[in-house]
Amino acid sequence: MPTSTAKIEELVSREYQHGFYTPIEEETLPPGLNEDIVRLISAKKNEPAWLTEWRLKAYRHWLTMKEPTWQNVRYQPIDYNAIHYYSAPKMKSRPKSLDEVDPELLRTYEKLGIPLREQELLAGVAVDAVFDSVSVATTFKEKLAEHGVIFCSFSEAVQNYPDLVRQYLGTVVPYNDNFFAALNSAVFSDGSFCYVPKGVRCPMELSTYFRINAAKTGQFERTLIIADEGAYVSYLEGCTAPMRDENQLHAAVVELVALEGAEIKYSTVQNWYPGDKEGRGGIYNFVTKRGICLGRGSKISWTQIETGSAITWKYPSVILRGDDSVGEFYSVALTNHYQQADTGTKMIHLGRNTRSTILSKAISAGHGQNSYRGLVKVMRGAEHARNYTQCDSLLIGDRCGAHTFPYMEVRNSTAIVEHEATTSKISEEQLFYCQSRGILLEDAVSMIVSGFCRQVFQELPMEFAVEAHKLMGVSLEGAIG
Amino acid sequence: MSMSKQPLLEIRNLHVSVDGTPILRGIDLLIHRGEVHAIMGPNGSGKSTLCYVLAGREGYTVTKGQVLYEGRNLLEMSPEERAHAGLFLAFQYPVEIPGVGNMYFLRTALNAIRKHRGLEPIDAMDFLQLVREKAKLVGIDERLLKRSVNEGFSGGEKKRNEVLQMAILEPTLAILDETDSGLDIDALRIVADGVNALRNEQHAVLAITHYQRLLEYLVPDYVHVLVGGQIVRSGGPELAAELERRGYADLEPQATATLQ
Ligand SMILES: Nc1ncnc2c1ncn2[C@@H]1O[C@H](COP(=O)(O)OP(=O)(O)OP(=O)(O)O)[C@@H](O)[C@H]1O
Ligand SMILES: [Mg+2]
């Protein structure tokens with residue numbers, strides 16, 4: 001099927017839609033990293049001493065660490081002294097309302113399809129907009145406050161809710177967890193913070209939209225979400241960046257804490273600039289995301305649609321400490337051209353009757369390389385723990401690759417751990433069947449890919465499902481027929 | 001038959017190879033609107049190959065001959081264009097498409113064809129009504145409509161699903177590749193009904209079958225016998241009965257294929 005392979009490859013290689021740059025005056029710290037830079041970032045944010053100390057501890061530990069090499073990706077060594085660790089649009093002070101926000105910034109988000117004026121927003125979604133190193137706006141704050149929900153930038157949380165931040169920061173991803181988490185702990189600049197009080201069902205979807213704009217700048221955001229007893233929150237995250245020939249580093253940390261009976265649903269549509277067709281440029285997306293089900297009967301669910309970035313290295317994980325707690329990981333990762341993804345999850349079962357589900361869908365096209373890497377660990381006390389893992393790979397063309405690295409450590413004999421994996425090629429037979437019914441080849445490809453991802457798309461909140469389908473060149477109906 | 005009328009399908013001395021192996025070796029066939037043709041023939045004689053070539057599947061190389069559809073060169077058209085022009089193939093082995101809803105698939109197909117005919121996409125409610133009506137006609141359980149295309153369908157259910165698609169898309173030329181195989185008696189009648197519903201001055205049917213049984217319900221105007229990649233005999237419905245009695249044994253491929 002040589003002709004249709006070529007056609008299919010052409011179809012999946014769409015141009016990047018969000019590659020523009022916003023010419024805006026930014027304040028950028030000189031490149032390179034040392035204790036002074038760490039102190040300077042902390043000072044810019046007017047942080048309490050304990051936090052400055054925490055950053056320094058992380059920085060000193062980072063100096064002793066080596067960049068990981070076990071992942072199945074290849075890239076040129078990163079020069080950590082060439083990176084700017086802080087870049088922020090110039091503002092007199094943090095704007096109190098949208099009227100004080102630079103209109104250029106508002107236009108940027110509009111162009112990205114994220115209007116920040118509340119009357120224009122999707123009803124039911126509150127947005128925190130992070131531009132390079134800082135949060136520029138958070139919408140619907142007052143409405144959320146009526147329900148006792150705190151949703152603000154991380155910097156604000158440090159000022160206004162220092163006790164909550166101090167109580168939970170680093171409890172899920174310690175500052176010395178891994179190379180990139182340590183780096184993030186030292187230099188993180190902003191991100192989102194959310195606290196949902198006892199028994200409250202957050203009345204709207206919360207979302208953060210990350211935008212990298214400045215050149216040669218790393219983005220190191222930190223997100224912390226706490227759902228108190230019986231609370232529920234659904235959180236969405238989106239990301240884009242300009243097209244550039246050099247690679248840019250994005251090393252974020254996300255920590256989720258679910259107390260007894262609480263539920264956190266965290267969804268990501270990751271569309272960082274993936275680099276060009278020859279593999280030049282693109283974001284290195286080296287991210288540590290982890291949640292802990294602290295309380296009994298709590299639940300954390302990760303859903304990710306990873307279509308962007310030159311390299312993706314992320315393993316959103318769940319520590320199932322509370323008895324009867326539930327962890328879920330639903331993933332679609334698409335690699336095209338020279339993109340590489342090494343992604344998966346870790347499910348750590350500590351409590352009794354803990355359950356986890358892993359569903360990974362990997363699509364590779366062009367020279368894309370896609371690896372699933374997942375760990376299921378059942379500790380001695382996790383009586384009757386259960387895990388079900390399913391990893392499916394779909395290959396488009398014959399120059400791409402799909403790999404699966406499942407790890408299992410089971411220390412309790414009552415546990416049941418199941419793993420299934422499949423690899424398939426987009427089949428000429430399926431395409432021809434669709435075409436013979438009058439469906440155009442490009443729609444047929446979308447339809448088949450979308451069908452392949454259906455179970456994961458179903459986990460997304462409606463607004464994001466639309467976005468995800470568009471991203472994959474797929475109409476929404478394709479998956480929900 | 002009036003010779004002045006333009007044939008719907010005109011196959012002239014068609015030779016087709018697959019991976020360098022000649023499979024069809026000089027097929028001639030004329031089909032006019034309003035006619036029902038049946039092709040019978042032993043396993044491996046090239047019946048499905050003929051179907052695939054007509055529907056435009058890749059990997060089938062036409063080495064000689066031509067095919068005209070409504071006077072146009074069919075072989076130059078993409079599979080989609082052929083479908084838009086009213087050609088439909090009910091597959092001998094219908095394909096499963098995991099995760100794609102049967103209803104959605106049907107609607108996408110119908111709208112693609114409607115678009116070609118200059119019609120608006122069908123309204124969701126109208127479509128639902130249309131599908132319900134046709135599903136009842138072909139005896140398809142509504143639950144099958146909610147599942148993924150052919151996924152986990154039984155052999156017979158897959159065949160019925162092909163007939164449902166045909167009933168909804170209303171093709172000008174319907175090609176049925178052994179749609180009767182693996183069907184129970186009731187379903188057989190349904191296939192025949194589906195075909196007979198298309199039986200009017202506008203449409204034509206080419207039905208591949210191994211069994212005379214189908215042809216009792218669906219009395220063809222012409223029966224052709226395909227052996228070794230050639231049509232070795234053509235006749236009326238009585239030919240099917242004869243084949244049923246005597247088999248294909250004394251029919252050898254030859255250079256001259258008789259046409260009416
Ligand atoms: N790739 C291939 N290379 C060589 N020969 C092939 C290839 N594909 C099909 N054939 C042969 O072509 C011949 C015709 O096959 P076809 O499927 O058209 O037969 P058929 O008449 O439909 O048979 P049946 O009644 O069993 O459905 C068979 O002998 C088959 O083995
Ligand atoms: Mg056949």
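Letters A, B, ... are given to chains in the order of the sequence lines, protein chains preceding strands, and every chain is numbered from 1. Side chains included, hydrogens not; waters and symmetry mates left out as well; all remaining heavy atoms used.
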*Asks:* Can you confirm whether or not the ring centre of B:Tyr93 sits under 6.0 Å from the ring centre of A:Tyr433?
*Replies:*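 Not under 6.0 Å, so no.
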
*Asks:* With chain A, which of B:Asn111, B:Leu89, B:Leu87 has the greatest number of heavy-atom pairs at distances under 4.5 Å?
*Replies:*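 It is B:Leu89.
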
*Asks:* Considering heavy atoms only, which positions within residues 147-162 of chain B lie below 4.5 Å of chain A?
*Replies:* B:Ser148, B:Val149, B:Asn150, B:Glu162

*Asks:* Going by heavy atoms in the side chains, are A:Cys434 and B:Ile97 under 4.5 Å from each other?
*Replies:*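 Sidechains of B:Ile97 and A:Cys434: in contact.
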
*Asks:* Does CZ belonging to B:Arg199 count more than 12 external heavy atoms closer than 6.0 Å?
*Replies:*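 Yes - once you tally the heavy atoms of other residues, nucleotides and ligands closer than 6.0 Å, there are more than 12.
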
*Asks:* Counting only heavy atoms from other residues, nucleotides and ligands, does the tally under 6.0 Å from NZ of A:Lys265 exceed 12?
*Replies:*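 Yes - once you tally the heavy atoms of other residues, nucleotides and ligands closer than 6.0 Å, there are more than 12.
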
*Asks:* Counting only heavy atoms closer than 4.5 Å, note whether B:Glu96 contacts chain A via side chain, backbone, both or neither.
*Replies:*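 B:Glu96 touches chain A through backbone heavy atoms alone.
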
*Asks:* Under 4.5 Å between any side-chain heavy atoms of A:Gln435 and B:Arg57, yes or no?
*Replies:* no

*Asks:* Under a 4.5 Å heavy-atom cutoff, which of A:Ser436, A:Ala444, A:Gly438 has the most pairs with chain B?
*Replies:* A:Gly438

*Asks:* Quick one: are A:Met447 and B:Thr108 in side-chain contact, heavy atoms under 4.5 Å?
*Replies:* yes

*Asks:* Please tell me if the side chains of A:Gln430 and B:Pro98 come closer than 4.5 Å, counting only heavy atoms from C-beta onward.
*Replies:* yes

*Asks:* Mind checking the CG-CD1 spacing from B:Leu110 to A:Ile439? Nearest 0.5 Å is all I need.
*Replies:*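 Reported value, rounded in 0.5 Å steps: 10.5 Å.
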
*Asks:* Looking at CG of A:Leu440 and OG of B:Ser78, how far apart are the two atoms once the value is rounded to the nearest 0.5 Å?
*Replies:* 8.0 Å

*Asks:* When you look at CZ of A:Arg355, are more than 12 heavy atoms from neighbouring residues, nucleotides or ligands closer to it than 6.0 Å?
*Replies:*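 Counting other residues, nucleotides and ligands, CZ of A:Arg355 stays at 12 neighbours or fewer.
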
*Asks:* So which pairs with a foot in residues 115-143 of chain B pass side-chain hydrogen bond (donor to acceptor under 3.5 Å, both in side chains), sequence neighbours left out?
*Replies:*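 Output for this query lists B:Arg132-B:Glu142, B:Asp141-B:Arg143.
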
*Asks:* Between B:His84, B:Arg82, B:Gln165, who has the most heavy-atom pairs with chain A when the cutoff is under 4.5 Å?
*Replies:* B:Gln165

*Asks:* Using a cut-off of under 4.5 Å on heavy-atom pairs, state which of B:Ala83, B:Gly59, B:Pro79 scores highest against chain A.
*Replies:* B:Pro79

*Asks:* Does the distance from a Lys or Arg side-chain N to an Asp or Glu carboxylate O, for B:Glu80 and A:Arg437, drop under 4.0 Å?
*Replies:*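 A salt bridge is absent here (no side-chain N lies under 4.0 Å from a carboxylate O).
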
